[in-house]
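For clarity, every value in this text was computed on a predicted model and none was experimentally measured.
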Amino acid sequence: MVDTFVEDLHVVKEIMDGFLSQDHVSKGLKQITEIGITGWEKWWQIELAIFLDEYPELIEWDMEIAFDTKNKATTLYVDFGLTMKGWDNKYVFLELKQNNDYKKCIDLMFKDAEKYEDLKSKSVDGIKSRSKFVVGMCQTESWGNIQEYFDSCMVHYEFELKDNEYLFLQDKGKKWGVVVF
């Protein structure tokens, strides 16, 4: 992968680390667990949008960015696009996935990654892409099990990711995690 992908992964890491370190996010995830809520992606999108709106060095962000695909007459929407100072108005795009079960979450992530490989380099509105990431949040039991399952999905979905091209992050309460690639 291109060097900017790895650089951008570090920016996404900083953003997600900051997001996960917030007390109210940790409390929200705890309540999601206790109540048994399963469909909470909109909550995550709203909370992340509020966080991004105040993020330093961020020039602009947007939600639900439309892309045409290279091989089909299909339009796909990416959850978030953001640009930082020094990126020449190119954007990093984030597709969010959530599932309380890490296996389901990771499967959904790889399925979306397959679809999003087919996106054109510019959005329908002409926004240039710098990098695209799938970001999944799930409950964590064991990072070893998650790594093992992630590795098996890389084989199954035929993705070749080096160790520096994906990451796992832990929330403040250590019950939830984020996977990014």
Side-chain angles (χ1 to χ4, degrees), residues 1-26 29 41 44-65 67 78-99 102 105-106 108-117 119-123 127-140 142-144 146-151 153-154 157 159-181:
M1 297 214 172
V2 191
D3 287 338
T4 54
F5 181 87
V6 174
E7 291 172 20
D8 296 347
L9 181 63
H10 289 291
V11 171
V12 173
K13 178 190 183 310
E14 288 176 15
I15 289 169
M16 289 299 144
D17 274 340
F19 175 76
L20 291 170
S21 71
Q22 299 176 99
D23 287 335
H24 75 278
V25 169
S26 188
L29 290 169
E41 188 169 317
W44 184 19
Q45 289 174 345
I46 291 165
E47 290 292 343
L48 184 58
I50 292 166
F51 181 77
L52 289 175
D53 205 52
E54 298 176 2
Y55 196 79
E57 304 296 312
L58 189 73
I59 295 173
E60 189 173 359
W61 64 271
D62 203 356
M63 292 177 74
E64 298 298 323
I65 301 96
F67 277 87
V78 180
D79 291 327
F80 281 92
L82 56 97
T83 188
M84 305 285 281
K85 291 179 183 174
W87 284 3
D88 297 326
N89 213 29
K90 290 184 179 176
Y91 277 60
V92 165
F93 294 97
L94 308 175
E95 178 61 22
L96 304 184
K97 288 288 134 205
Q98 65 80 31
N99 198 294
Y102 73 89
C105 184
I106 291 171
L108 291 170
M109 292 175 70
F110 275 97
K111 287 176 183 173
D112 271 0
E114 281 184 326
K115 288 190 292 190
Y116 287 100
E117 279 188 325
L119 295 181
K120 291 188 175 182
S121 62
K122 290 183 183 178
S123 74
I127 300 170
K128 293 179 185 172
S129 176
R130 188 175 152 100
S131 300
K132 298 174 189 89
F133 295 94
V134 183
V135 183
M137 190 180 305
C138 56
Q139 290 182 340
T140 57
S142 154
W143 283 111
I146 291 172
Q147 177 73 59
E148 186 178 314
Y149 191 74
F150 184 84
D151 291 344
C153 284
M154 278 198 290
Y157 291 99
F159 273 75
E160 293 183 33
L161 298 170
K162 298 177 186 161
D163 287 347
N164 66 341
E165 296 173 340
Y166 65 90
L167 54 91
F168 302 140
L169 305 169
Q170 191 80 41
D171 84 307
K172 191 174 181 176
K174 303 214 183 291
K175 301 281 186 204
W176 291 84
V178 169
V179 178
V180 183
F181 67 92

Evaluate side-chain contact (heavy atoms from CB on, under 4.5 Å) for V25 paired with K172, printing each intermediate quantity in order. CA-CA 9 Å; V25 169; K172 191 174 181 176; over 6 Å; no

Given 3.5 Å as the limit, does a donor-acceptor pair link the side chain of [X] with the main chain of [Y], or not?
{"X": "E95", "Y": "D79", "answer": "yes"}
{"X": "S21", "Y": "G18", "answer": "yes"}
{"X": "T83", "Y": "K90", "answer": "yes"}
{"X": "Q22", "Y": "F19", "answer": "yes"}

Calculate, to the nearest 0.5 Å, the distance between atoms [atom1] and [atom2] belonging to [X] and [Y] respectively.
{"X": "Q98", "Y": "Q139", "atom1": "CD", "atom2": "CD", "answer": "10.5 Å"}
{"X": "S123", "Y": "E64", "atom1": "OG", "atom2": "CD", "answer": "13.0 Å"}
{"X": "R130", "Y": "D8", "atom1": "CZ", "atom2": "CG", "answer": "4.0 Å"}
{"X": "E165", "Y": "L167", "atom1": "CD", "atom2": "CG", "answer": "11.5 Å"}
{"X": "I146", "Y": "C105", "atom1": "CD1", "atom2": "SG", "answer": "9.0 Å"}
{"X": "L52", "Y": "Q45", "atom1": "CG", "atom2": "CD", "answer": "11.5 Å"}

Quick one, [X] and [Y] - any side-chain contact, counting heavy atoms below 4.5 Å?
{"X": "E7", "Y": "V11", "result": "no"}
{"X": "L119", "Y": "K132", "result": "yes"}
{"X": "W61", "Y": "D53", "result": "yes"}
{"X": "M137", "Y": "L20", "result": "yes"}
{"X": "M16", "Y": "L48", "result": "yes"}

What pair of heavy atoms forms the shortest contact from [X] to [Y], and how long is it?
{"X": "W143", "Y": "T140", "result": "CZ2-CG2, 3.5 Å"}
{"X": "K128", "Y": "F93", "result": "O-CE1, 4.2 Å"}
{"X": "I65", "Y": "G81", "result": "CD1-N, 3.2 Å"}
{"X": "L82", "Y": "L58", "result": "CB-CD1, 3.6 Å"}
{"X": "Q170", "Y": "W176", "result": "NE2-O, 3.2 Å"}
{"X": "W44", "Y": "G136", "result": "CH2-C, 4.1 Å"}

Determine the sole option in K115, E114, M109 for which the side chain to side chain contact (heavy atoms under 4.5 Å, CB included) test with D112 is passed.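 Among K115, E114, M109, the one that satisfies the side chain to side chain contact (heavy atoms under 4.5 Å, CB included) with D112 is K115.
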
I would like to know whether T4 and W87 meet side-chain contact (heavy atoms from CB on, under 4.5 Å); could you show each step before the answer? CA-CA 10 Å; T4 54; W87 284 3; over 6 Å; no

With sequence neighbours left out, write down each residue that passes side chain to side chain donor-acceptor pair (under 3.5 Å) with D62, or none if nothing qualifies.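 Per chain and number, D62 pairs via side chain to side chain donor-acceptor pair (under 3.5 Å) with no residue.
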
For L108 and N99: C-alpha separation, side-chain torsions, deciding distance, then whether side-chain contact (heavy atoms from CB on, under 4.5 Å) applies. CA-CA 9 Å; L108 291 170; N99 198 294; 4.3 Å; yes

Check the pair L94 / I15 against side-chain contact (heavy atoms from CB on, under 4.5 Å), numbers first and verdict last. CA-CA 11 Å; L94 308 175; I15 289 169; 5.7 Å; no

With sequence neighbours excluded, residues passing ring pair (Phe, Tyr, Trp, His ring centres under 6.0 Å) with Y102: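 Checked Y102 against ring pair (Phe, Tyr, Trp, His ring centres under 6.0 Å); zero matches.
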
Residue among F80, F181, F5 satisfying ring-ring contact (aromatic ring centres under 6.0 Å, His included) with F133: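 Running ring-ring contact (aromatic ring centres under 6.0 Å, His included) over F80, F181, F5 with F133 returns exactly one hit, F5.
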
Mind checking salt bridge (Lys or Arg N to Asp or Glu O under 4.0 Å) for D88 and listing every partner two or more places apart, or none if nothing turns up?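 With neighbours one apart ignored, the set is empty.
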
